[in-house]
Q: 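Handing you this structure, nothing more for now.
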Amino acid sequence: MFEAEQKAVEIKIQEYCRTNQLPEISAQWNSIPFSGQWGISTSFFQMAAQEARQGKAVNVAQRAQELAAGVKAFLGEPEGFERLEAVKGYLNLYFSTAEYTRRVVDTVLEQGHDFGRGALKGERVMVEYSQPNTHKEFHVGHLRNVILGSCVCNLLEFAGFDVVRANYIGDIGLHVIKWLWNYLKYHNGEEPAADRVRWMSELYTEAVRRIEDEPGAEDEVRALFMRWDRRDPEIVELWKKTREWSLEGFQQIYQLLDVHFDHIYFESDVEDSGKGMVNELIARGIARDERPDGPVIVKLDEILGNQDEKYRVLVVLRSDGTSLYATKDLSLAIEKFEQFHLDRSIYVIDVRQSLYMQQIFKTLEIMGYPWAKNCYHLAYEIVNLPGNVTMSSREGTVVLLDDLMREATSRAVEIVKIKNPDLSPEKQGEIAYAVALGAIKYSMLSRDNTKIVTFDWSTALDFNGQAAPYIQYAHVRASSILRKMDGPLPKPLTPEQPLEPTEIALIDLISRLPREIQRASADLRPLYLASLAYDMARAFNDFYNQCPVLPAEPCVRASRLRLVAAARQALANTLAILGITAPQAM
RNA sequence: GCCCCUGUAGCUCAAUGGACAGAGCACCGGACUUCUAAUCCGAUGGUUGUGGGUUCGACUCCCACCAGGGGCGCCA
């Protein structure tokens, strides 16, 4: 937020270097890592090392300190800073606290829910996430994808990108045929139970078990797939009906999680165009048709002339002519770019599909699509159960989303009843829901994408410590003070009293938000914001405990009230990006 | 065999190549007549898997190795 002052100092440093024939090094600014002080710093080790390399006999650490001291003397008293120091090779510039406090607070309050928003970048990005399969379960493992994908969309949008939120639903494929086979043979005519996703899931598990146990079942399934391929009206009709059951269930889940999509693709929509593409690949000599004895394959390493095995072989069509995931993904990628004129296409898919993703992107590149290099696989690690057990419906090792939400909410309700017994049951329910969902989302977003999440009930239902409720509670406390302030928010003012260290720490963190949003969106890592939200909440709680607001002297009171309002806004904006509700009471 | 990810406090995790590697949980001891104690304060806890290298400076980058997980022709 202080780019102008930073830049001015940078120019002066460059001037100093030129007049003293010093190597010019671009300044790397950091915040000063000591609490209770607020400013920026840069170091002169690089410059000193550069001199050493040029043949000057210098001790780098000593020389860095000399340079820092020299620059400090040269800078004098630059605009916007109240104190400079040269320590251990670092040049520290301390902000004019009162002036910058006012600037940060005023900026936050003027921009409101847009505080932290980046300038429009004129770049359109599609993010594909969730990708549930119909006729199957929706468990806690799938939850990470939805939460991460949705948050990445919020993040990119807030950072200034034009985001298209896309879902890609697996409504056809071997898993669907297996389900249909079981339904036709053992459940024909049955209607789904109230919890549709659970009912669909149970039948799928049953289907898989039967296919393993029953001799001849696999042949029947294959025959059924061929009937689908011929678009046998009876099968198509059943497929439409049962597919709808899953889709209705998914809608409920997305509503529950408060996520939405701009566009939904279906695998069944790109199946035919995908097969067409496979023919094109064969005709152009990119794919080799080994049918009927083998599938249609793209020998990527051979085409690229790789000696080592890097991209291996991509199978694009089964030997019996039925489609695969790859068949459809190739044509879908093209459709996305053509339909939405994308600059970038992000796939939020778990890390196990990394090779597959690279194969798809590379095949598109070989086909000559220039945008293929703008496809990106955002890989995240899966959610396991304790003991590194993978969630699997066949093994019965799944935690269903519905069960998790119900358990978390009921636990939160118990706490709300104790903390806030006077609220209406409806209000209590609302708060409990916000807390429960927030806790679940935060536990996934506060872990780096490459880290495996181990799901266990006690951790998932722990609302203490570094978790969403802690952050939400800070927001509640700020809201509570503002509710009781009796009158309008004081007008902008420059604090006259010296600020407490906790106030400075809080303002410092708030001022970092715009930059952290850019950093998080560049790296596609919500973790940065999850951490900042927690740090802000902790700083606010410190401030809350040490600095009375409402009973303070009028001048101090006014200044602190504005700070409380700014903190509340910064917390709310960060939580909004994380997809977590910021309640008024808890 | 090839490729990818992970390895940091007892546990779960943070840490733009920078100053003293930080939080939470757990454990121990404190603080509600107060703007909401879903909070705060204090104490304990480290050879950043190992060995080299690059660098003024390495948890961070490079190489090798060790341990765990994952992927590698007709699942998605």
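Labels below follow one simple rule: chain letters A, B, ... track the order of the sequence lines, proteins then strands, and each chain is numbered from 1.
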Q: If you check every side-chain atom of A:Y325, which of B:rA76, B:rU36, B:rC40 has the closest atom?
A: B:rA76

Q: What's the gap between B:rC32 and B:rG17 when it is taken at their C1' atoms, as a whole Å value?
A: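 These two C1' atoms come out 46 Å apart once rounded.
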
Q: Under 4.0 Å, counting only non-hydrogen atoms across every strand here, what does A:A585 touch: a base, just sugar-phosphate, or nothing?
A: base

Q: Can A:Y90 be said to stack with the base of B:rA19, given centres closer than 5.5 angstrom and planes under 30 degrees apart?
A: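 Stacked: centres under 5.5 Å apart, planes under 30°.
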
Q: Would one find a side-chain N or O of A:Y470 under 4.0 angstrom from OP1 or OP2 of B:rC40?
A: yes

Q: Please pick, from B:rC35, B:rU36, B:rA76, the nucleotide with the shortest atom-to-atom distance to any side-chain atom of A:I481.
A: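 The nucleotide sitting nearest to the side chain is B:rC35.
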
Q: So what does A:V564 touch, heavy atoms closer than 4.0 Å: a base, only the sugar-phosphate, or nothing?
A: nothing

Q: Nearest to the side chain of A:V315, heavy atoms from C-beta on, is which of B:rG73, B:rA76, B:rG70?
A: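 Closest nucleotide to the A:V315 side chain: B:rG73.
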
Q: Tell me the stems RNA chain B sits in, counting at least three consecutive Watson-Crick or G-U wobble pairs, each under 3.5 Å on both distances.
A: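 Ordered by first number, the stems with RNA chain B (at least 3 consecutive pairs each) read B:1-7 with B:66-72, B:10-13 with B:22-25, B:28-31 with B:39-42, B:49-53 with B:61-65.
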
Q: Has A:R312 got its NZ or CZ under 6.0 Å from the middle of the six-membered ring of A:Y356, at an angle within 45 degrees of the ring axis?
A: no

Q: Counting any heavy atom closer than 4.0 Å, what does A:N59 reach on the DNA or RNA strands: base, sugar-phosphate only, or nothing?
A: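 A:N59: no heavy atom of the nucleic acid under 4.0 Å.
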
Q: Compare side-chain N and O positions of A:Y380 against OP1 and OP2 of B:rC5 and report whether any pair is under 4.0 Å apart.
A: no

Q: For B:rA14 and A:S531 - does any side-chain N or O of the residue sit under 4.0 Å from the phosphate oxygens OP1/OP2?
A: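 No.
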
Q: Tell me what A:L355 touches on the nucleic acid: a base, only sugar-phosphate, or nothing, going by heavy atoms under 4.0 Å.
A: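 Contact class for A:L355: sugar-phosphate only.
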
Q: Could you check which of B:rA14, B:rC56, B:rG24 has an atom nearest any side-chain atom of A:F45?
A: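 Minimum distance to the A:F45 side chain belongs to B:rC56.
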
Q: At under 4.0 Å between heavy atoms, what does A:L174 touch on the DNA or RNA strands: base, sugar-phosphate, or nothing?
A: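 Answer is sugar-phosphate: A:L174 comes under 4.0 Å of backbone atoms only.
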
Q: Of the listed nucleotides (B:rA37, B:rC56, B:rA15), which one gets closest to any side-chain atom of A:Y544?
A: B:rA37

Q: Distance check: side-chain N/O of A:S43 vs OP1/OP2 of B:rG18, anything under 4.0 Å?
A: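 The answer is no; no side-chain N or O of A:S43 sits under 4.0 Å from OP1 or OP2.
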
Q: In terms of side-chain heavy atoms of A:N541, which of B:rC5, B:rC35, B:rU39 is nearest?
A: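 Among B:rC5, B:rC35, B:rU39, the one nearest the side chain of A:N541 is B:rU39.
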
Q: Can you find an N or O donor on one side and an acceptor on the other, under 3.5 Å apart, linking the side chain of A:R312 with the base of B:rC72?
A: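 A donor-acceptor contact between them is present.
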
Q: Quick check: on RNA chain B, is the nucleotide nearest A:A412 upstream (toward 5') of the one nearest A:S31, or the reverse? Name the residue that is more 5'.
A: A:S31

Q: Rounded to the nearest Å, what distance is computed from the CZ atom of residue A:F463 to the P atom of nucleotide B:rU39?
A: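 Interatomic distance, CZ of A:F463 to P of B:rU39: 12 Å.
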
Q: Are A:E516 and A:R525 within salt-bridge range, i.e. N to O under 4.0 Å?
A: no

Q: Looking at A:R53, I'd like to know whether one of its side-chain N or O atoms comes within less than 4.0 Å of OP1 or OP2 on B:rC56.
A: yes

Q: Assign A:Q131 to base, sugar-phosphate, or nothing according to its heavy-atom contacts below 4.0 angstrom with the strands shown.
A: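 Nothing: the residue A:Q131, judged by heavy atoms under 4.0 Å, touches no strand.
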
Q: Using a 4.0 Å heavy-atom cut-off across all strands, classify A:V351 as base, sugar-phosphate, or nothing.
A: nothing

Q: Which whole-number value in Å describes the distance from A:L461 CG to B:rC25 C1'?
A: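 The answer, rounded to whole Å, is 15 Å.
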
Q: Taking atom C1' of B:rC25 as reference, at what distance in whole Å does atom OH of A:Y534 sit?
A: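 It works out to 11 Å between those atoms.
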
Q: Enter the distance from A:I440:CD1 to A:L461:CG here, rounded to the nearest 0.5 Å.
A: 7.5 Å

Q: Among B:rU6, B:rG73, B:rC25, which nucleotide has an atom closest to any side-chain atom of A:K451?
A: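 My answer, after comparing the listed nucleotides, is B:rU6.
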
Q: Would you tell me if any nitrogen or oxygen in the side chain of A:R538 comes within less than 4.0 Å of OP1 or OP2 on B:rC40?
A: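 For A:R538, the contact criterion (side-chain N or O under 4.0 Å from OP1 or OP2 of B:rC40) is not met.
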
Q: Per the atom types in the model, does the base of B:rA19 pair as donor or acceptor with the side chain of A:S41 at under 3.5 Å?
A: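 Answer is yes: a donor-acceptor pair is held.
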
Q: Does a salt bridge link A:D308 with A:K310, judged by any charged N lying under 4.0 Å from a carboxylate O?
A: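 Here A:D308 does not pair with A:K310 in a salt bridge, since their nearest N and O are not under 4.0 Å apart.
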
Q: So A:V296, base contact, sugar-phosphate only, or nothing? Heavy-atom distance under 4.0 Å.
A: nothing

Q: Once you apply a heavy-atom cut-off of 4.0 Å, does A:D535 come out as touching a base, just sugar-phosphate, or nothing?
A: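 Here A:D535 touches no strand at all.
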
Q: Nearest whole angstrom, please: distance from the P of B:rU60 to the CD of A:Q28.
A: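 Distance check: A:Q28 CD to B:rU60 P gives 19 Å.
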
Q: According to a strict under-4.0 Å criterion, is A:K484 in side-chain N/O contact with OP1 or OP2 of B:rU36?
A: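 Yes, because at least one side-chain N or O of A:K484 sits under 4.0 Å from OP1 or OP2 of B:rU36.
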
Q: Can a donor-acceptor pair be found, under 3.5 Å and without considering hydrogens, that links the side chain of A:E271 to the backbone of A:K328?
A: no

Q: Parallel under 30°, tilted from 30 to 60°, perpendicular over 60°: which one fits the rings of A:F2 and A:W38?
A: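 Ring orientation, 0 to 90° scale: perpendicular.
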
Q: Considering only atom C1', compute the distance from B:rC28 to B:rG45 and round it to an integer number of Å.
A: 12 Å

Q: Describe the nucleic acid contact of A:N92 in one word from base, sugar-phosphate, nothing, applying a heavy-atom distance below 4.0 Å.
A: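 It contacts base atoms.
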
Q: Could you work out the separation of B:rA14 and B:rG46 based on their C1' atoms and round it to a whole Å?
A: 15 Å

Q: Base, sugar-phosphate, or nothing: which does A:D308 touch, judged by heavy atoms less than 4.0 Å apart?
A: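 Contact class for A:D308: none.
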
Q: Does the side chain of A:D350 come under 3.5 Å of the side chain of A:Y380 through a donor N or O and an acceptor N or O?
A: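 Side-chain D/A pair, A:D350 to A:Y380: absent.
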
Q: So does A:R512 pair up with A:D508, basic N to acidic O under 4.0 Å?
A: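 Yes, this pair counts.
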
Q: Give one of base, sugar-phosphate or nothing for A:D523, where a contact means two heavy atoms less than 4.0 Å apart.
A: nothing

Q: Give me the one residue out of A:Y376, A:Y168, A:F361 that meets ring pair (Phe, Tyr, Trp, His ring centres under 6.0 Å) with A:Y347.
A: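 When A:Y376, A:Y168, A:F361 are each tested with A:Y347, the ring pair (Phe, Tyr, Trp, His ring centres under 6.0 Å) holds only for A:F361.
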
Q: When the distance from NZ of A:K310 to C1' of B:rC4 is rounded to whole Å, what number comes out?
A: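 Those two atoms, NZ and C1', are 11 Å apart.
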
Q: Taking the nucleotide of RNA chain B with the nearest heavy atom to each, does A:A537 or A:L527 sit closer to the 5' end?
A: A:L527

Q: Decide, for B:rC4, between syn and anti: a glycosidic angle within 90° of 0 counts as syn, anything else as anti.
A: anti

Q: Would you check if there is a donor-acceptor pair between the side chains of A:Y470 and A:N541 at a distance under 3.5 Å?
A: yes

Q: Would you kindly check whether a donor in the side chain of A:S319 faces an acceptor in the base of B:rC74, or vice versa, at under 3.5 angstrom?
A: yes

Q: Nearest whole Å is fine: how far is B:rU6 C1' from A:R447 CZ?
A: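 In whole Å, B:rU6 C1' lies 13 Å from A:R447 CZ.
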
Q: Look at all strands and tell whether A:R318 reaches a base, only sugar-phosphate, or nothing, counting heavy atoms closer than 4.0 Å.
A: base

Q: Any side-chain N or O of A:R477 under 4.0 Å from OP1/OP2 of B:rU34?
A: no

Q: Could you tell me whether A:D542 contacts a base, only the sugar-phosphate backbone, or nothing, with contacts defined as non-hydrogen atoms closer than 4.0 Å?
A: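 Touches sugar-phosphate only.
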
Q: Below 4.0 angstrom from OP1 or OP2 of B:rC20, is there any side-chain N or O of A:K88?
A: yes

